[in-house]
Each structure stands twice: as structure tokens, then as C-alpha cells.
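A short worksheet on the structure shown next.
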Number of protein chains: 2
Amino acid sequence: MSDSFATRLNAAIRRTKSITCVGLDPRKAQLPGELQTLAQSEHPDAWAAAYTAFCKGVIDVVADLVPCVKPQVAFFEQLGPAGMIALGEVIAAARDAGLMVIVDAKRNDIGSTATAYADAYLGSVQGDAASPWGGDSLTVSPYLGRDSLEPFVKVCDERSAGIFVLVKTSNPGGGDFQDRLRDGRALYEDVADMVTSLNASRLDEQGYGPVGAVVGATYPEQLASLRKRMPHSILLVPGFGAQGGTAEDVRHAKDADGTGAVVNSSRGIIFAYQRDGYRERFGEQRWKDAIRAATVEMNVALA
Amino acid sequence: MSDSFATRLNAAIRRTKSITCVGLDPRKAQLPGELQTLAQSEHPDAWAAAYTAFCKGVIDVVADLVPCVKPQVAFFEQLGPAGMIALGEVIAAARDAGLMVIVDAKRNDIGSTATAYADAYLGSVQGDAASPWGGDSLTVSPYLGRDSLEPFVKVCDERSAGIFVLVKTSNPGGGDFQDRLRDGRALYEDVADMVTSLNASRLDEQGYGPVGAVVGATYPEQLASLRKRMPHSILLVPGFGAQGGTAEDVRHAKDADGTGAVVNSSRGIIFAYQRDGYRERFGEQRWKDAIRAATVEMNVALA
């Protein structure tokens with residue numbers, strides 16, 4: 001039996017001494033000039049090739065610095081099937097480079113349809129499962145309830161894979177429904193309790209299960225309380241950097257061993273060459289050096 | 001300016017005198033033998049070709065009987081990029097046959113990422129938008145709140161497209177979070193009120209807006225009350241047939257004009273050749289005749 005997803009991700013955190021997750025969000029308008037040139041045709045195949053080249057460039061630069069990357073599927077999907085082929089190439093390149101892959105697709109549906117999504121995105125450690133994209137883990141939406149989450153957990157069991165359930169998202173409107181109180185308890189707290197319950201019979205030696213949780217850096221108090229409420233979940237913390245979350249805000253995401261959480265930054269790292277300070281220091285041509293410097297900076301800030 | 005999505009869908013309901021939506025859920029194990037043979041290789045391209053051939057077969061048979069079809073993206077996605085190419089072929093074939101297309105993908109994310117999903121799946125009436133899949137409408141999950149729905153509505157405005165927000169889903173676990181009460185009001189009612197608010201400034205002559213709602217046939221009382229609570233939304237009603245919903249259960253989905261709702265059946269129609277009665281009457285080779293008979297039967301039941 002392979003090590004579980006949680007065991008592997010926490011080991012990767014220890015090995016790299018980093019909880020940084022690099023978000024792979026290729027956006028046409030922000031790609032460095034050399035890749036814009038590669039994609040000068042508006043044909044989706046040209047843009048897909050540019051996305052693959054860009055993301056592989058990012059992967060090469062960060063592979064020895066961080067435990068994981070998180071491709072945002074929406075941007076690949078925006079290109080159509082050509083983008084979905086590129087997504088597969090990017091996931092394979094990341095795994096070949098020793099990185100764990102969190103596929104950010106926020107999927108869900110009922111029963112056997114949820115299983116189809118799990119099959120699509122969750123690969124086995126050996127790569128022998130019938131998963132065309134073959135990620136290590138997938139983000140999943142909870143609105144459809146427990147019987148929509150269980151099919152994913154079953155596939156996690158079979159493939160030593162993981163999921164991250166949306167609990168408290170980083171966007172300003174995240175509270176519209178998630179903060180809704182019943183008897184003094186917020187919806188996101190009920191979702192958190194379901195996450196904990198799904199992990200119960202599935203803990204590794206360190207006490208972590210396959211069901212992680214997405215908790216935004218932009219709500220630091222809730223992040224601290226959710227860390228305690230979901231002791232068996234690795235937290236995926238978006239909203240750091242460009243969205244406003246700071247190192248102080250995410251201080252409570254880690255467990256006492258410094259593991260159990262990864263903090264994502266997308267634009268702040270992959271388009272660092274456009275940021276103040278970095279732009280002057282590196283310029284567009286040295287976009288890879290800017291990415292490496294931004295990753296090291298984030299590692300230091302979160303250490 | 002093109003007619004809005006709601007105007008076009010209600011017109012299609014009037015023209016066909018049907019509120020049946022045929023769910024295109026290709027499942028490997030249930031495809032008729034002739035298509036299993038087509039896909040005899042385990043290669044995804046072979047299965048994708050079988051899915052396309054099967055769904056085109058369904059489309060040919062039902063095009064003059066119903067207003068719309070609903071491809072379930074998860075099953076196409078399960079095949080990987082080859083399946084996503086097939087999905088595009090199926091959507092194009094349905095639109096060419098005069099059917100409205102509801103892309104059932106239950107997508108969502110924050111801000112500009114939500115826009116990427118909208119771009120991916122919502123086409124313009126003229127087909128000139130940069131949408132690789134080009135559906136007429138898309139199912140969307142509400143957990144991330146209002147600012148995650150607004151980017152979809154904006155694209156609907158630009159392309160005369162529509163969305164269906166998950167309000168009350170048909171699965172047994174749908175109530176876990178959706179029925180959660182606050183001050184006597186369920187979460188799904190708050191989601192319904194947000195749907196109504198998003199439609200407010202966008203009504204067509206009949207009083208319908210671009211933001212529809214998914215409400216399961218398996219909860220008939222809530223369906224009746226949600227029909228009243230969302231007077232400006234076309235309802236997409238899953239859970240009929242194989243999931244247990246009956247014609248009596250969905251009686252309250254329609255408005256006084258007999259429009260404003262579509263009731264989906266997937267397995268009950270597309271795999272009718274496997275159902276008791278139909279199996280004996282048609283057999284596997286006449287799977288298309290079975291589909292046509294099941295569609296007519298559903299139209300009659302819902303009339």
C-alpha cells in the first residue's frame with residue numbers, strides 16, 4: 001500500500017521546509033512577452049502550447065523549493081479541449097519533478113456522477129489508475145451534501161489520493177452563505193464538522209486523513225478556529241498575497257510540527273515580474289528569476 | 001440584440017409543447033452493444049467516438065420532440081481530453097438540430113476565475129463568442145456567494161446565455177446543508193432569493209431572467225414553494241424517473257402558461273431499452289426506437 005495523500009504531502013512539507021503552494025493560473029494577458037509571441041495566433045492550440053511552456057517553466061524553477069503546485073483548471077478549460085490537453089501535460093510535468101499536485105477544479109455532483117469526476121482527476125501514486133489527468137488531489141464543493149462527498153473519499157481510499165473541500169473561501173462574498181448562523185454555528189462550521197467526520201476512520205500515523213479543507217487567508221480568525229476544529233485535515237489556504245492575506249494572517253494554519261497546511265499564492269509568484277520591486281530588479285525577460293525570488297521570499301515569510 | 005436565453009427556451013417549450021429535457025449521460029456500461037463494439041479498444045479516443053455517436057443518435061431521435069438536452073460533463077470529462085472534444089461535438093450537433101443546450105457542469109470559482117468558466121461554456125446565439133464549447137446555458141454552484149455568480153450573469157448579458165444555480169438538489173443528502181434553517185428559513189430559500197435578486201433588472205416580456213434554478217423533483221413540496229419564490233426563473237428539475245420523481249411531483253414546476261420549467265430525465269430515456277417493458281418491446285438493437293417511445297411517454301405524462 002502506498003503512503004496516503006496526507007502522509008506524502010506532510011513529508012513533502014518537511015523535506016522542502018516549505019508550506020508554499022504555487023498556483024498555476026495561466027492568464028493570457030499576463031504571460032511574459034516571449035510566451036505571448038509563442039501564442040501569437042489566436043488558435044487555442046497556440047495558447048495551449050504557451051500555457052504548457054509557461055507552467056513547465058514555473059515548475060522547473062520552484063520544484064526544489066515547495067511541496068506542491070495547484071493548477072487552476074478554469075484557465076485551461078477556457079481554451080477548450082486544447083487547454084485540457086495542456087493541463088494533463090502540466091500535471092505530468094509537476095509530478096515528474098517530484099511536486100504534489102492539487103487540481104483546483106471545485107467539482108461536484110451527485111452519486112455516480114461524482115465518481116466520474118473523481119476518476120477524471122485523482123490518479124494513483126503509481127499512475128496506474130484510469131485517470132486521464134492523474135492529480136494527487138482535487139478541490140470539491142460541499143453544497144450537495146455528504147452523499148456527494150463520499151464517492152470522492154472512496155476513490156481517495158482506492159488511489160491514496162486526497163480532496164480539499166471548500167469550507168471558508170477567500171472571496172469577499174464567501175460569507176454570503178458560508179457565515180450563515182444556525183444556533184450560533186456558521187454553515188462553514190457544519191461543513192468543517194462533516195470533513196472531520198469523513199476523515200475519522202482514515203487517519204495516518206500523524207493523525208491526518210484524505211479530506212483536506214479550503215480555508216481563506218483573508219479570514220484569519222476563522223482560520224485559527226478552523227485549524228482546531230479540523231485537526232485531521234490538511235488546510236489549503238488561498239488568498240495570500242494578491243488577494244490580501246499576510247504571513248501573520250496564516251500563522252495559525254500550521255500544526256505544532258509546522259505541517260498540516262499549504263498556503264497558495266498564484267499571481268504573486270508566477271507573475272512576480274510584474275510586481276513593484278521585482279519589475280525593476282528582474283524585468284520581463286528574467287521572469288523565471290523573479291518567480292524563484294518570490295517563492296524564496298514567501299518561504300521565508302511563512303517559515 | 002438576440003432574444004434572451006429565457007425567451008428562447010420558453011419559445012422552444014411552446015413550439016414543441018414539451019417541458020422534457022433529455023439528459024445526455026453516456027455511461028460506458030450501459031451503451032447499446034453496437035456502440036460497445038465501436039469502443040472495443042480501451043483507448044479514450046474509441047470511447048469518445050462511441051459517446052459522440054450515441055449522443056448524436058439520441059439527438060436525432062428527440063430533436064422534434066423536446067426543447068432541450070442536458071449533457072452531463074462529468075461523463076465526458078472522465079474520458080479526459082478526448083471526451084471533452086466529444087462534448088463539443090455533441091453540443092454542436094444539438095444546436096444544429098435546433099435544441100437548446102444546458103451544459104451540466106456545476107462549475108464555480110471566485111471572480112475572474114468564474115469568468116473563465118463562463119467563457120468556456122456559454123456561447124452566443126450567433127456562435128461568435130470565444131467559447132470553445134458554446135452551450136446556451138450552464139449549471140452553477142452557489143456556495144461561494146454572490147460575487148461568484150455575478151461574473152456568470154455578466155457573460156449571460158453579453159451573450160444572451162443563461163445559468164441554472166443549484167438551489168435544492170435531488171439527491172438524498174441534498175438537505176444536509178441546503179435545508180439548514182436560520183430564523184425558520186432554509187439555506188436553499190436564501191439561495192433562491194439571491195437568484196431572484198440577480199434576475200431583477202434583466203426580465204424579458206414574459207417576466208423571465210437569465211438566472212434559472214435547479215430544484216429536484218424528489219422534493220415536491222419545496223418545488224411548489226420555490227416555483228412561487230422564484231417567479232422570474234426557469235426551473236431545471238432533475239430527479240424525474242430513475243431517481244424517483246413522478247409527473248405528480250413536478251406538477252407545480254410550470255407557470256400558468258405551461259412554460260418556465262424543464263424536467264430532466266437521463267437514464268429513463270437514453271437507456272430506455274434496458275427498462276422493464278421497453279426491453280421486451282424494443283430490445284437492444286432498437287435502442288433509438290425505445291428512446292423515442294420513452295420521450296413521447298414522458299411528454300404525455302407531463303402535458
Side-chain angles (χ1 to χ4, degrees), chain A residues 25 27 42 44 72 74-85 87-88 104-117 119-121 130-133 141-150 166 169-178 180-182 187 190-191 194 238 243, chain B residues 25 27 42 44 72 74-85 87-88 104-117 119-121 130-133 141-150 166 169-178 180-182 187 190-191 194 238 243:
Chain A
D25 293 24
R27 293 168 189 260
E42 271 307 308
Q72 170 50 262
F75 294 114
F76 294 91
E77 215 159 339
Q78 193 173 20
L79 296 182
M84 297 309 268
I85 293 170
L87 175 66
D104 194 0
K106 298 185 174 64
R107 298 295 196 260
N108 209 351
D109 210 297
I110 68 173
S112 57
T113 313
T115 302
Y117 280 130
D119 281 348
Y121 289 106
S131 167
W133 283 287
S141 173
Y143 190 72
L144 289 106
R146 185 177 183 108
D147 62 8
S148 74
L149 299 174
E150 287 167 338
L166 301 185
T169 60
S170 59
N171 56 316
D176 290 345
F177 300 127
Q178 297 161 25
R180 204 172 171 280
L181 293 174
R182 175 178 66 177
L187 172 60
D190 282 353
V191 177
M194 189 178 286
Q243 286 185 54
Chain B
D25 294 24
R27 292 168 190 259
E42 271 305 309
Q72 170 50 261
F75 295 114
F76 295 91
E77 216 158 337
Q78 194 173 19
L79 296 182
M84 297 308 269
I85 292 169
L87 175 66
D104 193 0
K106 299 186 174 62
R107 298 294 196 260
N108 209 350
D109 210 297
I110 67 174
S112 58
T113 312
T115 302
Y117 280 129
D119 281 348
Y121 289 105
S131 167
W133 283 287
S141 173
Y143 190 72
L144 290 105
R146 186 177 182 111
D147 62 9
S148 74
L149 300 174
E150 287 169 339
L166 301 185
T169 60
S170 60
N171 56 316
D176 289 344
F177 301 127
Q178 297 161 26
R180 202 172 172 281
L181 294 174
R182 177 179 64 178
L187 172 61
D190 282 353
V191 177
M194 189 179 284
Q243 286 184 53

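Just so we're on the same page: letters track the sequence lines, and every chain starts at 1.
Across all their heavy atoms, B:A105 and A:Y117 have their closest contact at O-OH, 3.4 Å. A:S112 approaches B:F75 most closely through the heavy-atom pair O-CE2, 4.3 Å. Of all non-hydrogen atoms in A:F177 and B:L187, the two that sit nearest each other are CD2-CD1, 3.8 Å. Across all their heavy atoms, B:A116 and A:A74 have their closest contact at CB-O, 3.7 Å.
Contact annotation for B:L87: neither backbone nor side-chain heavy atoms come within less than 4.5 Å of a heavy atom of chain A. Interface residue B:Q72: only side-chain heavy atoms are found under 4.5 Å from chain A. Heavy atoms closer than 4.5 Å to chain A are found in both the backbone and the side chain of B:P172. In this structure, the portion of B:S170 lying under 4.5 Å from any heavy atom of chain A is its side chain and not its backbone. For A:L149, no part lies under 4.5 angstrom from a heavy atom of chain B. Residue B:P142 touches chain A through both its backbone and its side chain, counting heavy-atom pairs closer than 4.5 Å. Looking at A:R182, the atoms closer than 4.5 Å to chain B (heavy atoms on both sides) sit in the backbone and in the side chain alike. Using a 4.5 Å cut-off between heavy atoms, B:Y121 touches chain A through its side chain atoms alone.
The candidate from B:M84, B:Q178, B:E150, B:E77 with the greatest count of non-hydrogen atom pairs under 4.5 Å with chain A is B:E77. In terms of non-hydrogen atom pairs under 4.5 Å with chain A, the most contact-rich of B:A120, B:G175, B:G80 is B:G80. When the candidates B:K106, B:R146, B:Q243, B:M194 are compared by the number of heavy-atom contacts under 4.5 Å with chain A, B:K106 comes out ahead. No other option in B:D25, B:V191, B:N108, B:T169 has as many heavy-atom pairs under 4.5 Å with chain A as B:V191. Ranked by heavy-atom pairs under 4.5 Å with chain A, the list B:D190, B:D119, B:I85 is led by B:D190.
From A:R180, atom CZ reaches atom CG of B:L181 across 7.5 Å, with rounding to the nearest 0.5 Å.
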CA sep, side-chain torsions, deciding dist, call: B:T113, A:R27, side-chain contact (heavy atoms from CB on, under 4.5 Å) = CA-CA 10 Å; B:T113 312; A:R27 293 168 189 260; 4.3 Å; yes
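Listed for the A:N171 side chain is a donor-acceptor partner under 3.5 Å among the backbone atoms of B:L144.
Inter-residue side-chain proximity for A:D109 and B:D104 is flagged as met; some heavy-atom pair is nearer than 4.5 Å.
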